[in-house]
A.B. asks: 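Just dropping this structure here.
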Amino acid sequence: MSKNKITVRFFLYILGGGFLGACLSIGAAVLGTSLVRLLSDFYTALLVCSPWIFISFCLATLFLTCVWLNRAKKMIAHREGLKEEAEDAFYRKTERLLGFSLGAANLGTIVLFMTFALITIAALKKSIHVYLFFLCTLCSLFTIIFLSFLQRKAIEQLRILNPEKRGDALELHFRKKWLESSDEQERLAIYAASYKAFSSLSILFFVFYILLILMVPFFHISFLPFLCVGLMWLIPNVVYFWEAAKETSRQ
């Protein structure tokens, strides 16, 4: 693509983003009080229902993690006598099931922290009973500990399939050890996925920042949300450029 086309496309993106932002601002201004009331009612209902949302997420995360892990364990336990042409399909399927199990545990833990924060706010605002808050606290501790041991079991099953892999899921530097024991092709796949996640987060934080700016006139937003989003946006970029500079200096 020529330099002129790239420049034109860049300005079109800027104009399109500005037009979209203006439309959102006008829409929010027209809706005004009704939009604020609608979001306020939704937030109030969310606080009241937060314990049941939290417990549902706990049960769903535990169920999915256990189901995928048990399926993979059964397949590994009965892998004796497989024909050569079936081995590749066996390895792909079991590693995919174990990947789903680990993914459910990781993503579920993040969602549980988010819903627990909602429960804490609900308890402080007296939207739920304090005993219910302590019950959810115990439930969260049990779920996180149980998920950690399920992740260890999934890693152990992966090590059965790949004996060269090292590391325990409960170790502090597990990811580093796991990466060091991976081959070149696996490392490239991990690096590619990590870079895609980093790029997606940069775009997402930019969108969040614009939305926060648009909501300032209607929701009395302080500087703290801007500071939090800005730090989450800034830290990965600082780490990325620092590591890139270190790698460049080694070459």
Side-chain angles (χ1 to χ4, degrees), residues 43 46-73 94-124 127-128 132-162 165-182 186 189-205 208 225 228-229 231-233 235-236 239-240:
Y43 181 61
L46 196 63
L47 290 177
V48 174
C49 299
S50 58
W52 317 117
I53 296 172
F54 175 78
I55 292 171
S56 298
F57 271 118
C58 284
L59 294 175
T61 302
L62 289 171
F63 175 76
L64 291 174
T65 304
C66 288
V67 166
W68 283 322
L69 177 58
N70 287 332
R71 285 184 184 177
K73 286 175 68 176
T94 50
E95 287 184 348
R96 185 167 65 247
L97 287 171
L98 291 171
F100 286 160
S101 179
L102 288 168
N106 283 323
L107 298 177
T109 302
I110 295 171
V111 175
L112 290 180
F113 276 117
M114 293 169 63
T115 52
F116 185 74
L118 194 64
I119 292 170
T120 305
I121 295 170
L124 291 173
S127 299
I128 61 172
L132 190 57
F133 169 73
F134 284 116
L135 178 64
C136 290
T137 302
L138 292 175
C139 182
S140 68
L141 289 174
F142 167 78
T143 304
I144 291 169
I145 292 171
F146 196 65
L147 285 175
S148 298
F149 282 95
L150 287 176
Q151 287 177 293
R152 171 187 264 181
K153 289 291 183 183
I155 293 299
E156 288 174 354
Q157 296 301 311
L158 280 172
R159 291 178 64 184
I160 292 173
L161 297 175
N162 305 279
K165 293 297 182 67
R166 292 185 290 106
D168 188 309
L170 299 185
E171 283 184 304
L172 183 61
H173 299 292
F174 161 70
R175 293 181 184 275
K176 183 179 179 180
K177 288 184 178 181
W178 189 266
L179 184 62
E180 288 175 349
S181 62
S182 301
E186 289 173 329
I190 293 170
Y191 295 153
S194 300
Y195 181 75
K196 191 168 184 179
F198 165 76
S199 301
S200 300
L201 278 176
S202 294
I203 296 171
L204 190 61
F205 287 140
F208 280 165
C228 292
V229 174
L231 287 175
M232 289 188 291
W233 189 4
I235 290 171
V239 173
Y240 173 79

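What you are looking at is a predicted structure, and each value in this text was computed from that prediction instead of being measured.
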A.B. asks: Atom CG of N70 and atom CD of Q157: how far apart are they, to the nearest 0.5 Å?
C.D. replies: 9.5 Å
A.B. asks: So do F116 and T137 actually touch side chain to side chain, heavy atoms under 4.5 Å?
C.D. replies: yes
A.B. asks: Just how far is it from atom SG of C136 to atom CH2 of W52, taken to the nearest 0.5 Å?
C.D. replies: 7.5 Å
A.B. asks: Determine whether L158 and W178 satisfy the following criterion, side-chain contact (heavy atoms from CB on, under 4.5 Å), listing intermediate values before the conclusion.
C.D. replies: CA-CA 11 Å; L158 280 172; W178 189 266; 4.0 Å; yes
A.B. asks: Please list, chain by chain and in numerical order, all residues satisfying side chain to side chain contact (heavy atoms under 4.5 Å, CB included) with T65, sequence neighbours excluded.
C.D. replies: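 Residues passing side chain to side chain contact (heavy atoms under 4.5 Å, CB included) with T65: T61, S101, A104, A105, L147, L150.
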A.B. asks: List for me each residue that meets side chain to side chain contact (heavy atoms under 4.5 Å, CB included) alongside L170, sequence neighbours excluded, and say none if there are none.
C.D. replies: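 Side chain to side chain contact (heavy atoms under 4.5 Å, CB included) check on L170 returns S148, F149, R152, D168.
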A.B. asks: Side chains of L64 and W68: closer than 4.5 Å at any heavy-atom pair?
C.D. replies: yes
A.B. asks: Listed by chain and number, what are the ring pair (Phe, Tyr, Trp, His ring centres under 6.0 Å) partners of Y191, not counting sequence neighbours?
C.D. replies: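 Y191: no ring pair (Phe, Tyr, Trp, His ring centres under 6.0 Å) contacts found.
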A.B. asks: Going by salt bridge (charged side-chain N to carboxylate O under 4.0 Å, His left out), name the residues that satisfy it together with E171, two or more places apart in sequence or in a different chain.
C.D. replies: K177
A.B. asks: If you round to the nearest 0.5 Å, how far is CG of L118 from CZ of F113?
C.D. replies: 15.0 Å
A.B. asks: More than 12 heavy atoms of other residues, nucleotides or ligands under 6.0 Å from CZ of F198: yes or no?
C.D. replies: yes
A.B. asks: Mind checking the CE-CD1 spacing from M114 to I53? Nearest 0.5 Å is all I need.
C.D. replies: 11.5 Å
A.B. asks: Report the distance from atom CG of L201 to atom CH2 of W233, rounding to the nearest 0.5 Å.
C.D. replies: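 Answer rounded to 0.5 Å: 12.0 Å.
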A.B. asks: Using the test side chain to side chain donor-acceptor pair (under 3.5 Å), find all partners of E186 that sit at least two apart in sequence or belong to another chain.
C.D. replies: K165
A.B. asks: Does a sphere of radius 6.0 Å around CZ in F208 hold more than 12 heavy atoms from other residues, nucleotides or ligands, not counting ones at 6.0 Å or beyond?
C.D. replies: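 Atom CZ in F208 is not crowded, with 12 or fewer foreign heavy atoms closer than 6.0 Å.
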A.B. asks: Using a cut-off of 6.0 Å, state whether more than 12 heavy atoms not belonging to F57 lie near its atom CZ.
C.D. replies: no
A.B. asks: Holding to ring pair (Phe, Tyr, Trp, His ring centres under 6.0 Å), I want the full list of residues that pass it with F63, two or more places apart in sequence or in another chain.
C.D. replies: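 Partners of F63 under the ring pair (Phe, Tyr, Trp, His ring centres under 6.0 Å) test: none.
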A.B. asks: Identify the heavy atoms of I155 and G167 that sit nearest to each other, and give their distance.
C.D. replies: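 Closest approach of I155 to G167: CG2-O, 4.0 Å.
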A.B. asks: Using atom types as modelled and distance alone, determine if a side-chain donor or acceptor of T115 lies under 3.5 Å from a backbone N or O of F54.
C.D. replies: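 The answer is no, because no donor-acceptor pair under 3.5 Å joins these two groups.
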A.B. asks: Do the side chains of L135 and L132 get nearer than 4.5 Å, heavy atoms only?
C.D. replies: yes
A.B. asks: For the atom pair OG (S140) and CG (L112), what is the distance rounded to the nearest 0.5 Å?
C.D. replies: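 Taking OG in S140 and CG in L112, the distance rounds to 8.0 Å.
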A.B. asks: Is the shortest heavy-atom distance from the side chain of L47 to the side chain of I128 under 4.5 Å?
C.D. replies: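 No, side chains not in contact.
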A.B. asks: Check this for me: R71, atom CZ, are more than 12 non-hydrogen atoms of other residues, nucleotides or ligands nearer than 6.0 Å?
C.D. replies: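 Open: at most 12 neighbouring heavy atoms sit under 6.0 Å from CZ of R71.
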A.B. asks: Please check if the number of heavy atoms outside F146 that lie under 6.0 Å from its CZ is greater than 12.
C.D. replies: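 Counting other residues, nucleotides and ligands, CZ of F146 stays at 12 neighbours or fewer.
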